[in-house]
Amino acid sequence: MMETQALDFPKIDAILRSNGTGEVTINGTSHPIEADNEATVLKEALALITETAAQLGRPVKVSTTDPDGQGTIIVSPEGDVSEAAPTKTSKTNPRRHKTPEPTPQPVRTAPADVEAAATPAAAPAETARFAAAATPAKQPTPSNEAASAEPSTRRSLKDTSFLVSAPILEPATRGWRGVLTRLGFRMDPSTEELAEREDIRTVSQHWPGPRTVAVVNRKGGANKTPTVVMLSAILARYSGAATVAWDNNESQGTLGWRTEKGSHDRSVLDLIDSSQTLLSPSAQAAEIARFVHHQTSDKFDVLRSDENDEGDHEVTAEEVDIAHQVLTRYYRLIVMDSGNTSRAANWRRMIHYTNQLVVPVTAIEDRAEAARLTLQTLESRGGHDAELARNAVIIVSESTDAKRSMNGDALKRAKDEARRIAEGFAPHVRAVVRIPYDPALVNGPIRYDALQPATQRAWLAAAAAVAKGF
């Protein structure tokens, strides 16, 4: 009833920003709002809008904008809030009134991934079965008196269920919708929030048996190590599965430099030397802590590469076999960093154990070309290697080059280049995900909580794309 009385006049736009500010514009007159939190901003915005509705004596329609996207709500003269129904498509001329399509996730380039994540799952078959059981089926005409004696409503108990299988949609927690829900107006989540929930559900799964992810690119500076850290952090945080990031560089890698150091200096070589003890039936799960470096915030472990200054040892294929056997005894998820030589024995043996290939790229053409050659090399080998290349996930970062001047023009060029590279890879792999520039990824230890919200969301989408390959 409220919505049918709401007209497009006056034109009201309401903006809610994540920094505790907002703005209500009524017929071109702007009313800026500043407060300590989103809830207070929204209360003041609703007060302005309710006053306008009260002056008119009818509900008003409000276009809302928040970090999650755009929407439309109806506010009554009494301050009640409801969500506007979608625009109906005209039957006589469907091109005149189109229902606005949901805004696609900007971080993905594979439309199928976005569509699948944003579309709520259909109700399971059990719900339909219960509905069918509740309505007696039409009985055939009995052929004799004995048949007519059987009650017409009797059904097999196997065909009846009293369980409600359809999940209850939780109310919105983000943006305008989330704040309104906390104020007592239950609002459904936006398309963007539904997509995020689906990504969280995907990365929270457990799989039978361990899974190994290999992060590869033949060019240095392609963002391999930050990719390993971010995927490990997200998979460990959401799934709760024991996760280890393994620096499988043939000599000295950089994963140990970009992560938290434990109370010891042990590396993969120490783990290999102690493999018999770690694989013995009497070994306990906690013993692995003597060889890995736990990330206290992001909840995964790091197995460092050899940090011998002389660099006189290169990891062999047989040593990869031993280390992988140990790690699969103690961890469900293994995310492997790699060196730049696809011909190295440890690199090739890593591929042998890989369940999901990830190829990171920065928005620089030589990094993209090296990624293409990496995939081409694997594809030419056929078999398992070629299958990994075809089902690879490409992660395109706008830039992590600390030497670049990240002014407005440079950021735009990085975005444009990232888009071009992503579109070029999309037809050849399973999924492509873009990551925005974030200074927290440039130098020093990498922590998920230090990233900007948009970057966290992008990496969640990347991790979900990876997990779908398990």
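Nothing fancy with the numbering, it's 1 onward along the sequence.
- Within the 4.5 Å cutoff, no side-chain heavy atoms of Asn37 are placed close to those of Val179.
- Considering all non-hydrogen atoms of both residues, Asn340 and Lys224 come closest at OD1-NZ, 2.8 Å.
- A donor-acceptor contact shorter than 3.5 Å is absent between the side chain of Thr243 and the backbone of Leu333.
- Counting heavy-atom neighbours within 6.0 Å of Glu287 CD, excluding the residue itself, gives a total above 12.
- The environment of NZ in Lys261 is crowded: more than 12 heavy-atom neighbours from other residues, nucleotides or ligands sit within 6.0 Å.
- A distance of 11.0 Å separates CZ in Arg430 from CG in Leu388, rounded to the nearest 0.5 Å.
- Using modelled atom types, one side-chain atom of Gln295 and one backbone atom of His293 make a donor-acceptor pair closer than 3.5 Å.
- Between Arg237 and Asp449 there is a salt bridge, with a side-chain nitrogen of the basic residue lying less than 4.0 Å from a carboxylate oxygen of the acidic one.
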Next on the checklist: Using the rule given for side-chain hydrogen bond (donor to acceptor under 3.5 Å, both in side chains), can you reason through Thr202 versus Asp199, listing the C-alpha separation, both sets of side-chain angles and the distance that settles it, and then say yes or no?
Outcome noted: CA-CA 5 Å; Thr202 300; Asp199 284 345; 5.1 Å; no

Checklist entry - Are Ser239 and Arg332 close enough, and set up right, to give a side-chain hydrogen bond (donor to acceptor under 3.5 Å, both in side chains), and what steps lead you there? => result CA-CA 10 Å; Ser239 73; Arg332 295 173 65 99; over 6 Å; no

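- In this structure the side chain of Tyr330 never reaches within 4.5 angstrom of the side chain of Val292, judged on heavy atoms.
- Looking at Glu193 and Thr173, their side chains do bring a donor and an acceptor atom within 3.5 Å of each other.
- If you take NE2 on His384 and CG on Asn355, they are separated by 7.0 Å, rounding to the nearest 0.5 Å.
- Side-chain contact annotation: Gln376 with Arg372, donor-acceptor N/O pair under 3.5 Å present.
- Side chains of Arg447 and Asp298 form a contact here, defined as non-hydrogen atoms less than 4.5 Å apart.
- Of the possible polar contacts, one joining the Arg367 side chain to the Gly221 backbone as a donor-acceptor pair under 3.5 Å is found.
- Judged by distance alone, the side chain of Glu260 and the main-chain N or O of Thr296 form a donor-acceptor pair under 3.5 Å.
- The existence of a salt bridge linking Glu369 and Lys219 is excluded, since no basic side-chain nitrogen approaches an acidic carboxylate oxygen closer than 4.0 Å.
- Counting only distance, with no hydrogens or angles, the side chain of Trp459 and the backbone of Ile435 share no donor-acceptor pair below 3.5 Å.
- For the pair Asp301 and Tyr331, the minimum side-chain heavy-atom distance is below 4.5 Å.
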Checklist entry - Would Asn391 and Glu387 count as a side-chain hydrogen bond (donor to acceptor under 3.5 Å, both in side chains) if you check the C-alpha gap in whole Å, the side-chain angles of each, and the deciding distance to 0.1 Å? => result CA-CA 6 Å; Asn391 289 289; Glu387 188 68 18; 2.9 Å; yes

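- Distance check: Leu441 CG to Thr225 OG1 gives 12.0 Å after rounding to the nearest 0.5 Å.
- We find the CD-CZ distance between Glu170 and Arg197 to be 5.5 Å, quoted to the nearest 0.5 Å.
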Checklist entry - Taking it one step at a time, do Ile395 and Val361 satisfy side chain to side chain contact (heavy atoms under 4.5 Å, CB included)? => result CA-CA 6 Å; Ile395 299 179; Val361 183; over 6 Å; no

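- Annotation for Lys43 and Leu183: closest pair CE-CD2, 3.4 Å, computed over non-hydrogen atoms.
- The two residues Ser82 and Met187 make their nearest non-hydrogen contact at C-CE, 4.5 Å.
- Of the inter-residue distances, the one linking Thr341 atom OG1 with Trp347 atom CH2 reads 10.0 Å to the nearest 0.5 angstrom.
- When the options Asp385, Val393, Leu378, Val215 are evaluated for a side-chain contact (heavy atoms from CB on, under 4.5 Å) with Leu357, the one that passes is Leu378.
- For Thr328 (side chain) and Gln325 (main-chain N/O), a donor-acceptor pair under 3.5 Å exists by modelled atom type.
- A 4.5 Å side-chain heavy-atom check between Ile322 and Leu279 finds every atom pair outside the cut-off.
- Electrostatic pairing of Arg420 and Asp416 does not count as a salt bridge here, judged by no charged N lying under 4.0 Å from a carboxylate O.
- In this structure, Leu278 CG and Phe291 CZ are separated by 5.0 Å, a value rounded to the nearest 0.5 Å.
- Taking a 6.0 Å sphere around CD of Gln205, one finds it holds more than 12 heavy atoms contributed by other residues, nucleotides or ligands.
- The shortest non-hydrogen separation linking Ser342 to Arg218 is OG-CD, 3.8 Å.
- Closest approach of Thr181 to Pro171, counting heavy atoms only: CG2-CB, 3.7 Å.
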Item to check | Worked check of side chain to side chain contact (heavy atoms under 4.5 Å, CB included) between Tyr448 and Ser297 | outcome: CA-CA 8 Å; Tyr448 179 79; Ser297 296; over 6 Å; no

Next on the checklist: Pair Ser397, Asn223 - check side-chain hydrogen bond (donor to acceptor under 3.5 Å, both in side chains), show working.
Outcome noted: CA-CA 8 Å; Ser397 296; Asn223 217 34; 2.9 Å; yes

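- A heavy-atom distance below 4.5 Å is not found between the side chains of His31 and Glu23.
- Ion pairing between a basic and an acidic side chain is recognised when a charged N comes within 4.0 Å of a carboxylate O; Glu423 and Arg419 show no such pairing.
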Checklist entry - Between Asp247 and Leu303, does a side chain to side chain contact (heavy atoms under 4.5 Å, CB included) hold up when you go through it step by step? => result CA-CA 6 Å; Asp247 194 341; Leu303 179 61; over 6 Å; no

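- Within the 4.5 Å cutoff, the side chain of Val466 has heavy atoms near those of the Val213 side chain.
- Heavy atoms only, all atoms of each residue included: Ser275 and Ile272 are closest at OG-O, 2.9 Å.
- Exactly one of Arg349, His313, His324 qualifies for a side chain to side chain donor-acceptor pair (under 3.5 Å) with Glu319. That residue is His313.
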Checklist entry - Is there a side chain to side chain contact (heavy atoms under 4.5 Å, CB included) between His264 and Arg290 once you walk through the steps? => result CA-CA 8 Å; His264 58 82; Arg290 294 190 291 120; 5.8 Å; no

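- Within the 4.5 Å cutoff, the side chain of Met230 has heavy atoms near those of the Leu451 side chain.
- Within 6.0 Å of CD on Gln452 lie more than 12 heavy atoms contributed by other residues, nucleotides or ligands.
- One N or O on the side chain of Arg211 and one on the backbone of Gly209 form a donor-acceptor pair closer than 3.5 Å.
- Taking 4.0 Å as the cut-off between side-chain N and carboxylate O, Arg174 and Asp66 do not count as a salt-bridged pair.
- If you check the side chains of Asp13 and Thr25, you find no donor sitting under 3.5 Å from an acceptor.
- In summary, Arg182 and Glu38 engage in a salt bridge, as defined by a charged side-chain N under 4.0 Å from a carboxylate O.
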